[in-house]
Number of protein chains: 2
Amino acid sequence: MNVTGHTRRSVSIRDVATAAGVSYQTVSRVINAHPSVKPSTRERVLAAIDELGFRRSSTALALASGRSRAVTVLTANTTHHGYASILQGIEEAARASSYAVGIGVLESPDGADGAEVAAQVQRAADTGGGLIVIAYDPAGVRALEAVPEGLPVVGVVETPARPPGGDRPWVWTDDREAAYEATRHLLSLGHETVHYVAIPSSTRRTSARTSGWQQALKEAGAPQPRPVQGSWGPAGGHAAGLRFAGDRAVTAILCGNDDLALGVIRALHEKGRSVPGDVSVAGFDDAPHSAFLTPSLTTVRLDFTGLGRSAFGLLHSVLEESAQVGPHPVSVPELVVRESSGPPPGHA
Amino acid sequence: MNVTGHTRRSVSIRDVATAAGVSYQTVSRVINAHPSVKPSTRERVLAAIDELGFRRSSTALALASGRSRAVTVLTANTTHHGYASILQGIEEAARASSYAVGIGVLESPDGADGAEVAAQVQRAADTGGGLIVIAYDPAGVRALEAVPEGLPVVGVVETPARPPGGDRPWVWTDDREAAYEATRHLLSLGHETVHYVAIPSSTRRTSARTSGWQQALKEAGAPQPRPVQGSWGPAGGHAAGLRFAGDRAVTAILCGNDDLALGVIRALHEKGRSVPGDVSVAGFDDAPHSAFLTPSLTTVRLDFTGLGRSAFGLLHSVLEESAQVGPHPVSVPELVVRESSGPPPGHA
DNA sequence: CTGAAAGCGCTTACAG
DNA sequence: CTGAAAGCGCTTACAG
């Protein structure tokens, strides 16, 4: 393959045809693995392709055929554990299917006006190919809604209240179950109730995590405190933790993600309350560093990378109209008990 | 703007021309802001564009003009703090210039064979547009080397031994200075020497971080221990920390990144050594959670997001042949002293 | 200031 | 099994 001889004007299908002594049409057949080409002809064409260092232009392909083997991911964030892992999963799967992956960050996770988001969706759509929208936050939800009819799109969403219809290709993790499990774990340790610091919700509705937490409390007949609104990062957890630290009645706190939990633990420590001696804290996600914190963090592991792979798989099946199409929730969340949770103070 | 009326076959420049009663050539002039168009004509065309919901096809544009307003980022990783932040910076800057951003993850950060990496570079090049290669690791370095002559590319590299020539558009942070500062900080606290846990290097040469550390030791006349080889994540730090924990002579450890530091601290804690009471630990990068750890982490803040923005800016100036072209190192690293560093045990 | 032609590198029918 | 035509939606000269 002639890599070094790269020049401005790239070698085209016609150049190959000339070199091989065939029409460019035949070259097209060869590069598309069309069955009806005489083996000897194919050989000659392949040799010419190799010698000339021909690479088929994906933009010409896209223009002529309308297909594009590309996916663009629309997301409000690329660095938080969940988002980053989903992106990683999508990229992995896309690469395996030789799809190009583009990425567009949605502005103003909170106060974005609809027009701005719609414009970004349009820009992404212009690229051609399919769309995957991470709709864990208001900007993402708006983006998903703004996707024009007829454009191939898969949404990565919070657990929907009820499974969407077959025409709605969505994927999600079972956040409700995860929160339920984590809450039950804390309750089983003897805590009277469990407080909750929430990540920002994608909608005004009660999030799946919040509702799983509430259900566990309800089933146990435990008091149901109001959820505390947090942010995505540790600073929000720190602010919430400062408030909890003054209240001796608080002995167990579930957090909407591990970063929040980190902030809560830090705040409790600053106020002289020990974890888990005085207060138990559990997170959500199992970020890479959570096992190495002191105390190491009890959390619920969610397979975001797998979720990303599923999202791509679903989109792929839509784009290539093969295989089955339908929503498929992914792996079951797994409770990981570590040092940050234990019995409440004075527990028998 | 007609967003809802999206159909399979999109409206083209000719449709607009017909609607406006002009030739499609004139429409082309309008959408390219060409000066010589009569204002009244322009108005009519603009109205037609708006009414029909016309969007110029970027793939047709790319095919016809050869330009593509796209950048693809080649990287071995998308989730570690530094990588993710650079990507974020690139995306920000690209979006501001309405460039599309693609991403390709390089396989096998360590043992990748050259052919595989070269193929990935080719695939990225096929997309058209420019390339930004994050060359912090062997796969990235190989990718940068495999970029064919004549393709617009910017490398994000470790501090080069000497500034590259003007034809090598590279950006970097001053890692050498950063490591030097951090080491001097620990030395100034009274430690006899400072040990170092390294991140994997991009080459066999001594990395900039390692060399800054060594220089500070040398200048202070301190013993120069061998650097310990770590990985990118906390697990590598944990392994290194376990080894250090047994050696009472070790009182200060500098780590190649914050995750490594987290692992080291955890290991020391497991072995009953307190931080910073018995051992001081400093990290590198100032990841978002580092301020909220207990103890909070002394580290050196590096502006990776700014670095990403610079990388894009440089590529942009190469692609559009405007403005100045040349390597520009970015902001100065900033030492952030927190709780994890202090005087050695028994220090006056 | 505006239009008619040729072409970017491919594919999709249509012929043979 | 293989070729000649038309076209994807735009741009870049060339005309006027």
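These numbers come from the heavy atoms of this one structure, side chains and all, not from hydrogens, waters or symmetry mates. Labels below follow one simple rule: chain letters A, B, ... track the order of the sequence lines, proteins then strands, and each chain is numbered from 1.
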**Closest listed nucleotide, where the reference is the side chain of A:K38 and the choices are D:dC1, C:dA4, D:dG3** = D:dC1
**Request:** With sequence neighbours left out, write down each residue that passes side chain to side chain contact (heavy atoms under 4.5 Å, CB included) with A:Q25, or none if nothing qualifies.
**Result:** A:S23, A:S28, A:R29
**Request:** Taking B:E116 for its side chain and B:E107 for its backbone only, find out whether a donor-acceptor pair lies under 3.5 Å.
**Result:** no
**Item:** side chain to side chain contact (heavy atoms under 4.5 Å, CB included) partners of B:A84, counting only residues at least two apart
**Value:** A:T79
**Fill in**
Contacts of B:Q120 meeting side-chain hydrogen bond (donor to acceptor under 3.5 Å, both in side chains) (sequence neighbours excluded), chain-then-number -> none
**Request:** Indicate for each nucleotide in nucleotides 11-16 of chain C, in 5' to 3' sequence, whether protein heavy atoms under 4.0 Å reach the base (B), only the sugar-phosphate (S), or nothing (-).
**Result:** BBB---
**Identified stems (criterion: three or more consecutive Watson-Crick or G-U pairs, under 3.5 Å), DNA chain C** = C:1-3 with D:14-16, C:5-12 with D:5-12, C:14-16 with D:1-3
**Request:** May I have the distance from A:R44 (atom CZ) to D:dT2 (atom P), rounded to whole angstrom?
**Result:** 8 Å
**Residues that B:F54 engages under ring-ring contact (aromatic ring centres under 6.0 Å, His included), provided they are two or more places apart** = none
**Asked** Under 4.0 angstrom, heavy atoms only, what part of the nucleic acid is B:S36 near: base, sugar-phosphate, or nothing?
**Response** base
**Asked** Has the side chain of A:S97 got a donor or acceptor atom that lies under 3.5 Å from a matching backbone atom of A:Y99?
**Response** no
**Item:** Touch class at under 4.0 angstrom, heavy-atom based, for B:T41 against every strand present
**Value:** sugar-phosphate
**Prompt:** So which pairs with a foot in residues 122-153 of chain B pass ring pair (Phe, Tyr, Trp, His ring centres under 6.0 Å), sequence neighbours left out?
**Reply:** B:Y83-B:Y136
**Message:** In this structure, how many angstroms lie between the P atom of C:dT2 and the CD atom of B:E43, rounded?
**Reply:** 12 Å
**Prompt:** Within this structure, what is the CG-to-P distance between A:L63 and C:dC8, rounded to whole angstrom?
**Reply:** 13 Å
**Asked** Does D:dA4 have OP1 or OP2 sitting under 4.0 Å from an N or O in the side chain of A:S23?
**Response** no
**Request:** Please list, chain by chain and in numerical order, all residues satisfying salt bridge (charged side-chain N to carboxylate O under 4.0 Å, His left out) with B:R309, sequence neighbours excluded.
**Result:** B:E92
**Request:** May I ask you to verify if any side-chain N or O of B:T26 is less than 4.0 angstrom from the OP1 or OP2 atom of C:dG3?
**Result:** yes
**Asked** Quick one: ring pair (Phe, Tyr, Trp, His ring centres under 6.0 Å) pairs with a partner in residues 15-45 of chain B, sequence neighbours left out?
**Response** none
